[in-house]
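These values consider heavy atoms only, across backbone and side chains, with no hydrogens, waters or symmetry-generated copies. Chain letters run A, B, ... following the sequence lines, proteins first and then strands; every chain starts at 1.
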Number of protein chains: 2
Amino acid sequence: MSSVFKALSDPTRRKILALLRDRDMTAGEIAEQFDISKPAISKHLDILKEAELVSAEKKGLYRIYSINLTVLQETLSGFMNLFEKENEE
Amino acid sequence: MSSVFKALSDPTRRKILALLRDRDMTAGEIAEQFDISKPAISKHLDILKEAELVSAEKKGLYRIYSINLTVLQETLSGFMNLFEKENEE
DNA sequence: TAACTATTTAACCGTTTAGTTAAATATAAT
DNA sequence: ATTATATTTAACTAAACGGTTAAATAGTTA
């Protein structure tokens, strides 16, 4: 859970997730959307992968990244539930 | 929004929020729950305040902290909504 | 006024973070 | 085999982070 929040704490990584919400993308396609170097993006992807927010599939020369919506939603809604039940013992 | 995710990325701060979910607490009461120094807690509270996740009221010698549930819930559910509507244009 | 208490601010320190460029790896194409 | 391409890994750097102790601030009490 800490790794997920850590992953979400960076705006570049949140934008990567938003991109992947629409479609799977290669590392290069993702990098094109930013003004930072490809190695920097690669590291961001690694952090997202570590948090299991994305997964990668190797396809020839490319790596295709896709979002793992389940982990994202379950972590956030799990956390939010802590703050929604008003009268709990 | 970035400040909220940054604030949530630290486990001590998430635990502070969980404590404040149950009741308002003074800075000292909060600090008692942790093994770190009071100045460290004070800084964490500052970050939470900066993100508007908590607010503080001065009462005599004490400062009473309370959670701002609205900001927490609206930020997280706002972000989650980005990932829930499947077919959006 | 002086002493005590709760909390924050200041100054510092080691670690982590987010970026860089250069080199390595792995696959594809000629 | 050589060259080109996509991506990652390595080595480095500056800034941010999370902690510490000591000092400052502000309110209370004797």
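- Distance A/Glu57 CD to C/dT27 C1': 15 Å, rounded to the nearest Å.
- Remark: P of C/dT7 and NZ of B/Lys49 are 12 Å apart, rounded to the nearest angstrom.
- Taking atom CG of A/Asp46 as the reference point, atom P of D/dT9 lies 6 Å away to the nearest angstrom.
- Residues meeting the salt bridge (Lys or Arg N to Asp or Glu O under 4.0 Å) test with A/Glu29, sequence neighbours left out: A/Arg23.
- When the side-chain nitrogen and oxygen atoms of B/Thr26 are compared with OP1 and OP2 of C/dA6, none of them lie within a distance under 4.0 Å.
- Within 4.0 Å of B/Phe34, counting heavy atoms only, lies no atom of the nucleic acid at all.
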> When you check every protein heavy atom under 4.0 Å of nucleotides 15-28 of chain D, what one-letter string (B, S, -) results, 5' to 3'?
Replying inline: ---BBBBB---BBS
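- Residues passing the side-chain contact (heavy atoms from CB on, under 4.5 Å) test with A/Ala40, sequence neighbours excluded: A/Ile36, A/Ser37.
- The ring-ring contact (aromatic ring centres under 6.0 Å, His included) check on B/Phe79 picks up B/Phe5, B/Phe83, with sequence neighbours excluded.
- In this structure B/Asp24 satisfies the salt bridge (Lys or Arg N to Asp or Glu O under 4.0 Å) test with no other residue, sequence neighbours excluded.
- Residue B/Tyr65 places at least one side-chain N or O under 4.0 Å from the OP1 or OP2 atom of C/dT8.
- In this structure, B/Met25 CE and B/Leu45 CG are separated by 10.5 Å, a value rounded to the nearest 0.5 Å.
- One atom, CG of B/Leu45, and another, P of C/dT8, lie 6 Å apart when rounded to the nearest Å.
- In this entry the distance linking CD1 of A/Ile41 with C1' of D/dT9 reads 16 Å, nearest Å.
- Sorted by first and then second residue, the salt bridge (charged side-chain N to carboxylate O under 4.0 Å, His left out) pairs involving residues 1-19 of chain B (not counting sequence neighbours) form an empty list.
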